[in-house]
Amino acid sequence: MTGRVVLPADGLDLTSTLTCGQVFHWRSQGAGWLGPVGDTVVQIEQQGGELLVNAEAAAVAREYFALDHSLEEIYATFPVDESMARALVFCRGLRIVRQPAWECLATFITSALKQVPHIAQISHTLRQRYGQRLDWPGAEIFAYPGPEKLAALTEADLRDCKLGFRAKNLLGAARMIAAGEVNLDHVASLPDTEAREELCRLPGVGEKVANCALLFGFGRLAAFPIDVWIERVLRELYFRRKRNVTARRLREFSGTYFGPYGGYAQQYLFHHARMTWKKAV
DNA sequence: CTCCAGGTTCCGG
DNA sequence: CCGGAACATGGA
């Protein structure tokens, strides 16, 4: 056990941040959490308005948990309506974290048509079989395998990790990135629209997965992923009793109505709906 | 046994 | 542009 450092984290809700479905590999450990961020092991625990973190991971944690995001300023941009207000009360303190781009993108490629626990299982299997073992006493922690590592595998290898039809997509994406056909560093330098188009060149990456990657892995806080849950939220809370509301219409609405931090609004609506609309998985 | 899950892609109106 | 169907796997 290494020394611990205290980070001021006023207004943070660590638990909802790590369990809201933006990231899938953190393990509950005592009163806190243990997991890798890139190739750094982070052991973290919230005590009131402070975070206790292992000293060598302090800088990584500060960046990852986006402690520089001013939540109150973000909340001030949310649209004023009853649904948004309920979600905010329920999720206050939830932060959009800054995930390493590749592992975020890859994880959401494997998320298609899967429940959250399954996504977590796939992530763990991939890490355990093909990721680098990180040095941490008393626990086996693995980094997410890089695109070059996955590119060298076969589709059968990945299907054996229970990826199903997603195996071909993850493999294809890894190979395109490993070959330099798509460069994630370049994507990071592009405006939102162009970055999204570039990501959509990868197999298994459509609007939704691209927006998840942009929001959670590229810090594009306006990106608004529309999945089955958010589509229900939009249709039932914002288009109640409206006929013929197309996907395009929902996309246009969500792209403007929720403002410059639409991604935050999206995650709050998503988490709130999932936790309160019965049978929370 | 049937249904659905943080979708994408391809196909026919 | 829009609605349907196929695609793997596991849990309810």
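Order of the sequence lines sets the chain letters (A, B, ...), proteins ahead of strands, with each chain counted from 1.
Atom-to-atom, CZ of A:F165 to C1' of B:dC4 comes out at 12 Å; the value is rounded to the nearest Å. As rounded to whole Å, 16 Å separates atom P of B:dC4 from atom CG of A:D227. Between A:R166 atom CZ and B:dG7 atom P there is a gap of 9 Å when expressed in whole angstrom units. Distance, A:L113 CG to C:dT9 C1': 10 Å, rounded to whole Å.
The side-chain hydrogen bond (donor to acceptor under 3.5 Å, both in side chains) analysis of residues 251-268 of chain A, with sequence neighbours excluded, yields the pairs A:H69-A:Y264, A:Y75-A:Y268, A:D81-A:Y257, A:R248-A:E252.
Where stacking is scored as ring centres under 5.5 Å apart with planes under 30°, A:F270 registers as stacked on the base of B:dG6.
The 12-atom threshold is not exceeded at CG of A:D10, counting heavy atoms of other residues, nucleotides or ligands nearer than 6.0 Å.
Evaluation of the salt bridge (charged side-chain N to carboxylate O under 4.0 Å, His left out) rule for A:R232 yields no partner, not counting sequence neighbours.
In this structure, A:R249 reaches neither bases nor backbone, as no heavy-atom distance under 4.0 Å exists between it and the strands shown. Across all strands, A:Q121 comes closer than 4.0 Å to no nucleic acid atom at all (heavy-atom distances). Note on A:K162: only backbone sugar-phosphate atoms sit closer than 4.0 angstrom, heavy atoms only; bases stay farther off. Using a 4.0 Å heavy-atom cutoff across all strands shown, A:E231 reaches no nucleic acid atom at all. Counting any heavy atom pair closer than 4.0 Å across all strands shown, A:G21 reaches a base atom. Backbone-only contact: A:R248 has heavy atoms under 4.0 Å from sugar-phosphate atoms and none from a base.
Taking the side chain of A:V209 as heavy atoms from C-beta on, and the options C:dA8, C:dT9, B:dG7, the nearest nucleotide is B:dG7.
Aromatic rings from A:F253 and A:Y238 are positioned such that their centres are separated by under 6.0 Å.
Considering only side-chain N and O atoms, A:R159 lies nowhere under 4.0 angstrom from the phosphate OP1 or OP2 of C:dC7.
Looking at A:K114, its side chain comes within 3.5 Å of the base of C:dT9 through a donor and an acceptor atom.
Here the separation of B:dG6 from C:dC2, taken at their C1' atoms, is 23 Å to the nearest Å.
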